[in-house]
Visitor: 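The structure under discussion is supplied below as structure tokens; questions concerning it will follow.
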Amino acid sequence: MSLPTLVRIFESHRAPNPRRVSIFLAEKRVEVERVEVDIMAGEHFADAHRKKAGSHHVPVAELSDGSFLTETVAICRYVEALHPEPNLMGADAKETAVIEMWQRRMEFSVLQNIAFVARHTIPAMQALEHEQVPEWGRACASRMEEALKGLDERLRESPFIAGARFTIADITAWVALDFMRVLRRGPPDGCEALLEWHDRVKARPSATV
Ligand SMILES: N[C@@H](CCC(=O)N[C@@H](CS)C(=O)NCC(=O)O)C(=O)O
């Protein structure tokens, strides 16, 4: 039996997690209908959105069997199964585990801290938080810097985050770094390898989405 196809993605196109899915799809050269959900206007809290998959977040993927998927990596994993090439999540068990390891590290150390700094220190982002806690945002700023320095160290020894080739771990980290624009700051001084990798990834056609 064939797998349900991807019908459309509900997204907020400037937000980091939907953007990770968009870049993943662009790398695979998969085109799919998009439905914009304005999270700054609270559209994601509407019942119509929440009932789709029991979550108020974006992205949400609608499949041809009428079901929905949330969670960026779950959506990417399904897209990888439907469109295996180019491989972005690992070709064998060892490589899959290594890529997953780096992807999780990028999600929890880099993306999450950047997102917390933005969501808890930028007044307009109060719309996304029940309670904005600026002290927490400031605490996450030093964690963010440590994470970026750690990533710079990794990129001094490896051309891409998970190894010799571009993978989903690079997508997660690159989207996070690009999202730092809202903070009006870049990585800490001295992160030359990180900046060089950033520019290389930025030159990929997928980075324009
Ligand atoms: N764990 C989810 C997180 C999704 C998420 O946090 N999406 C953000 C946009 S980047 C969102 O929906 N924000 C709205 C909110 O937090 O209220 C995933 O990996 O997709």
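Counting convention: from 1, in listed order, for ligands and their atoms alike. Computation of the quantities below employed the complete heavy-atom set of this structure, encompassing side-chain atoms and omitting hydrogens, waters and symmetry-equivalent molecules.
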Visitor: What pairs of residues pass the ring pair (Phe, Tyr, Trp, His ring centres under 6.0 Å) test when at least one of them lies in residues 51-90, not counting sequence neighbours?
Guide: His44-His56, Phe45-His56
Visitor: Taking all non-hydrogen atoms of both residues into account, name the closest pair between Cys140 and Val117 and its distance.
Guide: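 Looking at all heavy atoms of both residues, the closest pair is C-CG2, 3.6 Å.
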Visitor: Do other residues, nucleotides or ligands put more than 12 heavy atoms under 6.0 Å from Arg50 CZ?
Guide: yes
Visitor: Any pair with a residue in residues 21-37 that passes salt bridge (charged side-chain N to carboxylate O under 4.0 Å, His left out), sequence neighbours left out, goes on the list, sorted by first then second residue, please.
Guide: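 Found Arg8-Glu33, Glu11-Arg34, Glu27-Arg204, Lys28-Glu80.
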Visitor: For ligand 1, which of its N or O atoms have a protein N or O partner closer than 3.5 Å, and how long is each gap?
Guide:
from	atom 1	to	atom 2	distance (Å)
ligand 1	1 (N)	Glu71	OE1	2.6
ligand 1	7 (N)	Val58	O	2.8
ligand 1	12 (O)	Val58	N	3.0
ligand 1	16 (O)	Arg119	NH1	3.1
ligand 1	16 (O)	Arg119	NH2	3.0
ligand 1	17 (O)	His44	NE2	2.8
ligand 1	19 (O)	Glu71	OE1	3.4
ligand 1	19 (O)	Thr72	N	3.3
ligand 1	19 (O)	Thr72	OG1	3.3
ligand 1	20 (O)	Thr72	N	2.9
ligand 1	20 (O)	Thr72	OG1	2.8

Visitor: Which residue pairs pass the salt bridge (charged side-chain N to carboxylate O under 4.0 Å, His left out) test with at least one member in residues 154-174, sequence neighbours excluded?
Guide: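 Listed by first then second residue: Glu95-Arg165, Asp152-Arg156, Arg154-Glu157.
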Visitor: Quick check: are there more than 12 heavy atoms from other residues, nucleotides or ligands sitting under 6.0 Å from CD of Glu129?
Guide: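 Correct, the count exceeds 12.
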